[in-house]
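So the structure is just underneath, and the comments pick up after that.
In what follows, chains carry the letters A, B, and so on, assigned in the order in which the sequence lines appear, proteins first and then strands, with residues in each chain numbered from 1.
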Amino acid sequence: MRRARFDEVIVRRANLRTPFPPQFSARLAGHTVNAVSRRAKYLLLELSSGDTLVMHLGMSGDFRIEPAESVGEPGKHDHVIFRMSSGKAVVFNDVRRFGFMDLVPPGEAERHPALSVLGPEPLSTDFNAEFLARALKGRKTSLKAALLDQRVVAGLGNIYASEALHIARLSPRRRASSIATASGAPREAARHLVDAIKQVLTEAIERAAPNTANNYRGGRFRVYDREGERCRRRGCPGVIVRKTQAGRSTFYCPVCQK
DNA sequence: ACGAGAACCTGTTTGC
DNA sequence: TGCAAACAGGTTCTCG
């Protein structure tokens with residue numbers, strides 16, 4: 001497969017969460033995509049122009065790929081259409097418009113305000129019990145809210161924050177600082193939590209991978225969206241409850257998560 | 001300085 | 001049935 005070039009970029013609505021940069025379409029047209037990468041929940045496309053296209057799907061965004069010739073009348077929430085030299089059109093659809101697109105000049109991607117504040121990637125060795133304990137030392141917010149803070153760990157979202165806490169048997173309502181000693185050293189809970197985050201994300205990636213036999217692991221989640229249902233931990237008689245923390249739904253088992 | 005809550009949007013589900 | 005409130009997997013701003 002050859003690297004594809006942007007033949008034409010049609011912006012049907014030039015503001016998602018933030019306004020698009022000036023000359024967005026013109027800066028893309030004629031350039032090829034040299035590399036695709038990811039940082040936290042941001043998608044990064046390195047272009048032959050040297051610019052980096054930074055994108056985020058927000059809550060409801062998605063890309064769909066269709067043959068260019070079959071692109072008909074755009075749907076209501078189709079905001080951007082990338083017509084590629086491959087003959088495909090990549091359509092960005094986003095009902096809630098919490099998505100995000102920006103174009104940053106060469107060498108400035110890491111300094112982008114959205115990216116520069118991010119903590120370590122959860123599956124990297126930089127994300128470990130020592131780091132987490134230091135990051136949460138003295139923080140009075142809840143453990144759950146802290147896990148959603150992208151400066152602490154980048155790319156963990158609401159579902160897997162709840163899931164990881166269940167695996168680690170830690171209550172989402174604990175003080176974040178409780179996983180560290182006063183000097184910022186990790187307690188055992190910090191190691192369990194780091195391990196649980198890595199585990200839950202690794203499993204989720206495996207499950208999502210195409211062409212594997214892992215696709216139909218029944219049951220989906222351990223706690224997320226299971227209010228009122230039995231805890232899945234073996235031997236635990238608990239019932240999953242839902243609580244709002246920092247404006248988001250948290251699901252946990254009050255019996256086995258301490 | 002920190003943490004909680006609101007705000008940004010639209011669509012769907014839930015409750016009276 | 002109908003309408004309003006609550007809720008949705010994210011991020012960022014404001015306010016106390």
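Atom CZ of Arg134(A) has 12 or fewer heavy atoms from other residues, nucleotides or ligands within 6.0 Å. Taking a 6.0 Å sphere around CD of Glu69(A), one finds it holds more than 12 heavy atoms contributed by other residues, nucleotides or ligands.
Closest-nucleotide positions on DNA chain B for Gly138(A) and Arg13(A) were compared, and the one nearer the 5' end corresponds to Gly138(A). Between Thr244(A) and Lys41(A), the residue anchored nearer the 5' end of DNA chain C, judged by the nucleotide with its closest heavy atom, is Thr244(A).
In this structure, Tyr252(A) is not a member of the same hydrophobic cluster as Ile197(A), with clusters built from ILVMFWY side-chain heavy atoms closer than 4.5 Å. A single hydrophobic cluster is seen to contain both Leu165(A) and Leu123(A), as judged by linkage of ILVMFWY side chains at heavy-atom distances under 4.5 Å, directly or through other members. Both Phe131(A) and Leu143(A) belong to a single network of hydrophobic side chains, linked directly or stepwise wherever heavy atoms of I, L, V, M, F, W or Y lie under 4.5 Å apart.
Residues satisfying the side chain to side chain contact (heavy atoms under 4.5 Å, CB included) test with Ala161(A), not counting sequence neighbours, are Lys144(A), Leu147(A), Leu148(A), Leu156(A). With sequence neighbours left out, the side chain to side chain contact (heavy atoms under 4.5 Å, CB included) criterion links Val117(A) to Arg151(A). Listed by chain and number, the residues in a side chain to side chain contact (heavy atoms under 4.5 Å, CB included) with His112(A) are Phe100(A), Asp102(A), Val104(A), Ala114(A), Leu115(A) (sequence neighbours excluded).
Atom name P, nucleotides dG9(C) and dT14(B): the rounded distance is 14 Å, in whole Å. Comparing dG5(B) with dA6(C), their P atoms sit 15 Å apart, to the nearest whole Å. Separating the C1' atom of dA1(B) from that of dG10(C) is a span of 24 Å, rounded to the nearest Å. Comparing dA8(C) with dG3(B), their C1' atoms sit 23 Å apart, to the nearest whole Å.
For residues 162-185 of chain A, proximity to DNA chain C is found at no residue, defined as any non-hydrogen atom under 4.0 angstrom from a strand atom. For the segment residues 55-63 of chain A, the set of residues with a heavy atom within less than 4.0 Å of an atom of DNA chain C comprises His56(A), Gly58(A), Met59(A), in numerical order. Heavy-atom distances under 4.0 Å link DNA chain C to Gln150(A) of residues 141-153 of chain A, given in residue order. For residues 90-100 of chain A, proximity to DNA chain B is found at Val95(A), Arg96(A), Arg97(A), Phe98(A), defined as any non-hydrogen atom under 4.0 angstrom from a strand atom.
The other residues sharing a hydrophobic cluster with Ile10(A) are Ile81(A), Val91(A), where clustering joins ILVMFWY side chains under 4.5 Å apart. Apart from Leu43(A) itself, the hydrophobic cluster it occupies contains Phe6(A), Val9(A), Val11(A), Leu16(A), Phe20(A), Phe24(A), Leu28(A), Val33(A), Val36(A), Leu45(A), Leu47(A), Leu53(A), Met55(A), Leu57(A), Phe63(A), Ile65(A), Val80(A), Phe82(A), Met84(A), Val90(A), Phe92(A), Met101(A), Leu103(A), where clustering links Ile, Leu, Val, Met, Phe, Trp and Tyr at side-chain heavy-atom distances under 4.5 Å.
Across all strands shown, Arg139(A) has heavy atoms under 4.0 Å from sugar-phosphate atoms exclusively, and none from any base.
Here Arg38(A) pairs with Glu121(A) in a salt bridge; the nearest charged N to carboxylate O distance falls below 4.0 Å. Using a cut-off of 4.0 Å between Lys/Arg side-chain N and Asp/Glu carboxylate O, Glu130(A) and Arg191(A) are scored as salt-bridged.
For Asn158(A) and dA8(C), the CG to C1' distance is 10 Å, given to the nearest whole Å. In this structure, the CZ atom of Arg248(A) is 18 Å from the P atom of dA6(C), given to the nearest Å. Look at CG on Asp102(A): it is 15 Å from C1' on dT11(C), rounded to the nearest Å. A straight line from CG of Leu118(A) to P of dG10(C) spans 14 Å, rounded to a whole angstrom. dG9(C) atom P lies 13 Å from atom CD of Gln245(A), rounded to whole Å.
Within the 4.5 Å cutoff, the side chain of Val200(A) has no heavy atoms near those of the Lys198(A) side chain. The shortest side-chain heavy-atom distance between Val194(A) and Phe127(A) falls under the 4.5 Å cut-off. The side-chain heavy atoms of Cys231(A) and Val239(A), taken from C-beta on, include no pair separated by under 4.5 Å. Looking only at side-chain heavy atoms (C-beta outward), Phe251(A) and Val241(A) stay at 4.5 Å or farther from each other.
Summarising the geometry of Ile167(A) relative to Gln199(A), their closest heavy-atom pair is CG2-OE1, 3.7 Å, with the distance given to 0.1 Å.
In this structure a side-chain-to-backbone donor-acceptor pair under 3.5 Å is present from Glu163(A) to Val223(A). When atom types are taken as modelled, the side chain of Arg139(A) and the backbone of Ala135(A) share no donor-acceptor pair closer than 3.5 angstrom.
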Check nucleotides 12-16 of chain C against the protein and report each pair of N or O atoms closer than 3.5 Å, with its distance, or say if there are none.
unit_1  : atom_1 : unit_2   : atom_2 : d
dT12(C) : O4'    : Arg17(A) : NH2    : 2.8

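Atom OG1 in Thr141(A) sits 8.0 Å away from atom CD in Gln245(A) (nearest 0.5 Å).
Every stem involving DNA chain B, taken as at least 3 paired positions in a row under the Watson-Crick or G-U wobble test at 3.5 Å, is listed here: B:2-8 with C:10-16, B:10-16 with C:2-8.
Contacts between chain A and DNA chain B, taken as any atom within less than 4.0 angstrom of a protein heavy atom, begin and end at dG3(B) to dG11(B).
Side chains of Ser60(A) and Asp94(A): a donor-acceptor N/O pair is present below 3.5 angstrom, by distance only.
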